[in-house]
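Scroll down for the structure; my scribbles are underneath it.
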Amino acid sequence: MTGKVQVLLSTYNGAQYIAEQLDSILKQTYTNIHILIRDDGSTDATLSILESYAQSYPKQITYLQTENVGVIRSFWSLIKEADTTAQYFCFCDQDDIWLPHKIAAEVSTLDFEISDSPYQPHMVCTATQITDENLNAKVVWPQNLRKEPSFYNALFQNIAVGTTIMLSYDAFKLFYDKEIDLNRIQMHDWWIYLTISCFGKVYFDPTPSVYYRQHNNNVIGGESTLLQKIKKKWNSFRKHKDKKLLVQQAKEFQRIYGKEITDPQMKQQLEAFIAPRSTFMQRIRFLRQCQLYRQSTTEQWLFRFLIMIGYI
């Protein structure tokens with residue numbers, strides 16, 4: 001296992017935890033790693049910490065001091081700046097902890113998958129060990145997937161937590177040079193899951209590879225209980241009812257990749273999902289032929305209900 005791993009890390013006012021995260025990457029059992037950091041306009045001590053690490057590890061760390069553009073655009077800028085001589089690509093948050101064998105295990109998984117089907121883009125993602133701010137374990141998420149990761153799941157749900165993702169070079173090539181309307185995507189990791197599940201293979205490892213820290217300053221966070229998940233989904237869709245954000249993301253995906261989709265069933269399900277459903281009967285007809293799914297039965301029924309009442 002010698003191929004270079006490019007880690008793409010976005011920071012924003014992360015002084016409290018960024019040193020722990022960087023240490024967890026630098027202590028990986030896999031050593032051929034380069035970390036590219038983009039600071040998204042921090043106003044705390046983040047920049048001085050990054051400068052110190054860059055001076056201490058000049059061959060392993062490069063950081064860019066830039067203006068604030070938000071989390072999605074920050075990660076997309078990192079994608080554009082990535083070292084395309086690398087063989088593997090990872091994404092990283094600023095406040096988590098990577099377990100020591102994370103990179104080695106994911107490289108091993110990708111190497112095995114690529115040897116089995118070398119002409120296919122590959123991606124691996126894992127479960128996370130959700131913790132409190134002091135790294136006390138809470139729950140593992142995602143857990144007990146009902147079905148394999150697929151395009152039919154990715155249109156409806158993201159199970160690929162960004163900080164757990166590793167991409168092969170062929171997978172990275174699928175999207176790094178695309179001009180995407182970032183206002184229409186949910187998150188960079190969700191878009192990546194959607195793309196690779198359509199054109200390649202996604203492997204999910206239920207063994208956590210990171211401590212996914214939850215605290216008051218998280219930009220994006222998980223939920224510990226089923227009730228929290230349902231409440232968060234319901235409130236989100238009530239807030240964004242008229243925007244239909246999942247449909248907007250699917251429409252953008254069709255705009256970018258529609259002509260490249262060769263699987264007729266994927267194409268049919270995508271077109272059905274983005275088609276107007278202004279009447280109750282149109283929603284019923286859609287649900288009768290819909291193959292899209294969430295990974296928990298309860299959430300599956302919730303989303304079917306949201307479609308029935310026109311929220312999706």
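Remember, it's a predicted structure, so these values are computed and weren't measured experimentally.
- Between the side chains of Tyr88 and Glu106, no donor-acceptor pair of N or O atoms lies under 3.5 Å.
- Neither side chain, Thr109 nor His122, offers a donor N or O lying under 3.5 Å from an acceptor on the other.
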- Task: Decide side chain to side chain donor-acceptor pair (under 3.5 Å) for Gln282 and Ser278; before the verdict, give the C-alpha distance in whole Å, the side-chain angles of both, and the deciding distance to 0.1 Å.
- Result: CA-CA 7 Å; Gln282 286 175 331; Ser278 57; 3.2 Å; yes
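- How far CH2 of Trp141 is from CD of Gln214: 10.5 Å, rounded to the nearest 0.5 Å.
- A heavy-atom distance below 4.5 Å is found between the side chains of Ile33 and Tyr30.
- Between the side chains of Asp111 and Ser108, no donor-acceptor pair is found at a separation under 3.5 Å.
- For the pair Arg184 (side chain) and Ile180 (backbone), a donor-acceptor distance under 3.5 Å is absent.
- Looking only at distances, a side-chain donor or acceptor of Asn68 sits under 3.5 Å from a matching main-chain atom of Asp40.
- Within the 3.5 Å criterion, the main-chain N or O of Asn134 finds a donor-acceptor partner in the side chain of Asp132.
- Between Phe253 and Tyr257, the ring planes lie tilted relative to each other; the angle falls in the 30° to 60° range.
- The two residues Met187 and Ile72 have their closest heavy-atom pair at SD-CG1, 3.7 Å.
- Hydrophobic clustering, with ILVMFWY side chains joined whenever heavy atoms are under 4.5 angstrom apart, groups Phe280 together with Ile307.
- Phe303 and Phe156 have their aromatic ring centers within a separation under 6.0 angstrom.
- In terms of heavy-atom proximity, Arg213 sits nearest to Thr131 at CA-OG1, 3.5 Å.
- Judged by the 6.0 Å and 45° rule, Lys147 forms a cation-pi pair with Tyr293.
- Between Phe204 and Pro206, the closest side-chain pair of non-hydrogen atoms falls below 4.5 Å.
- Looking at Ile103 and Met166, their side chains come closer than 4.5 Å, going by heavy atoms from C-beta outward.
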- Task: Decide salt bridge (charged side-chain N to carboxylate O under 4.0 Å, His left out) for Glu260 and Lys178; before the verdict, give the C-alpha distance in whole Å, the side-chain angles of both, and the deciding distance to 0.1 Å.
- Result: CA-CA 13 Å; Glu260 300 175 35; Lys178 300 292 186 182; 3.4 Å; yes
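- How far OG1 of Thr31 is from CD of Gln60: 8.5 Å, rounded to the nearest 0.5 Å.
- The heavy-atom pair separating Ala127 from Thr164 by the smallest distance is O-CG2, 4.2 Å.
- With Ser52 contributing its side chain and Ser48 its backbone, the two residues share no donor-acceptor pair below 3.5 Å.
- Judged by distance alone, with hydrogens and angles left aside, the side-chain atoms of Arg283 form no donor-acceptor pair with the main-chain N or O of Leu306 at under 3.5 Å.
- The six-membered or imidazole ring of His188 lies near that of Phe91, with a centre-to-centre distance under 6.0 Å.
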- For Gln268 and Gln289, what are the C-alpha separation, side-chain angles and deciding distance, and is it a side chain to side chain donor-acceptor pair (under 3.5 Å)? CA-CA 10 Å; Gln268 185 275 328; Gln289 57 84 54; 2.6 Å; yes
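- Residues Leu36 and Leu9 fail the side-chain proximity criterion, which asks for heavy atoms closer than 4.5 Å.
- For the residue pair Tyr211 / Thr128, no side-chain donor-acceptor distance below 3.5 Å is found, with atom types taken as modelled.
- With contacts defined as side-chain heavy-atom distances shorter than 4.5 Å, the pair Thr126/Thr207 does not qualify.
- Distance check: Phe75 CZ to Ile192 CD1 gives 9.0 Å after rounding to the nearest 0.5 Å.
- Residues Thr297 and Arg146 form a side-chain contact, since some pair of their non-hydrogen atoms from C-beta on lies under 4.5 Å apart.
- In terms of hydrophobic clustering, with Ile, Leu, Val, Met, Phe, Trp and Tyr side chains grouped at heavy-atom distances under 4.5 Å, Trp190 and Val71 are assigned to a common cluster.
- Within the 3.5 Å criterion, the main-chain N or O of Ser42 finds a donor-acceptor partner in the side chain of Asp39.
- The shortest heavy-atom contact between Ser168 and Leu110 is N-CD1, 3.8 Å.
- Counting heavy atoms of neighbouring residues, nucleotides and ligands inside a 6.0 Å radius, atom NZ of Lys27 does not exceed 12 of them.
- Hydrophobic clustering places Phe273 together with Tyr311 (ILVMFWY residues linked when any side-chain heavy atoms are closer than 4.5 Å, directly or through intermediates).
- Side chain of Gln6 to main chain of His34: a donor-acceptor pair is present (N/O by atom type, distance under 3.5 Å, no hydrogens or angles).
- Between the side chains of Asn183 and Arg73, at least one donor N or O sits under 3.5 Å from an acceptor N or O.
- The closest side-chain heavy-atom distance from Cys92 to Ile25 is below 4.5 Å.
- Between Met123 and Lys201, the closest side-chain pair of non-hydrogen atoms is not below 4.5 Å.
- Among all heavy-atom pairs drawn from Asn153 and Arg294, the shortest one is ND2-CA, 4.1 Å.
- Heavy atoms from other residues, nucleotides or ligands lying under 6.0 Å from CD of Gln186 number more than 12.
- Gln157 places a side-chain N or O within donor-acceptor distance of the main-chain N or O of Gln295, the cut-off being under 3.5 Å.
- Following chains of ILVMFWY side-chain contacts shorter than 4.5 Å, one can reach Ile49 starting from Leu26, so the two form part of one hydrophobic cluster.
- Side-chain atoms of Ser296 and Gln300 form no donor-acceptor pair, as typed in the model, at a separation below 3.5 Å.
- No donor-acceptor pair closer than 3.5 Å links the side chain of Lys267 to the backbone N or O of Thr262.
- Within the model, atoms SG of Cys125 and CD1 of Ile159 stand 5.0 Å from one another, a figure rounded to the nearest 0.5 Å.
- Annotation: the span from Leu155 atom CG to Leu270 atom CG amounts to 6.0 Å, rounded to 0.5 Å.
- Separating the CD1 atom in Ile114 from the CG atom in Asp170 is a distance of 7.0 Å, to the nearest 0.5 Å.
- For the residue pair Arg38 and Val69, the shortest heavy atom distance occurs at NH2-CG2, 3.4 Å.
- With Lys102 contributing its side chain and Thr29 its backbone, the two residues share no donor-acceptor pair below 3.5 Å.
- Linking Ile, Leu, Val, Met, Phe, Trp and Tyr whenever their side-chain heavy atoms come within less than 4.5 Å leaves Leu135 and Trp98 in two separate clusters.
- Using a 3.5 Å distance cut-off with no hydrogens or angles, the side chains of Asp44 and Thr46 do pair a donor with an acceptor.
- With 3.5 Å as the limit, one finds no donor-acceptor pair spanning the side chains of Gln265 and Gln269.
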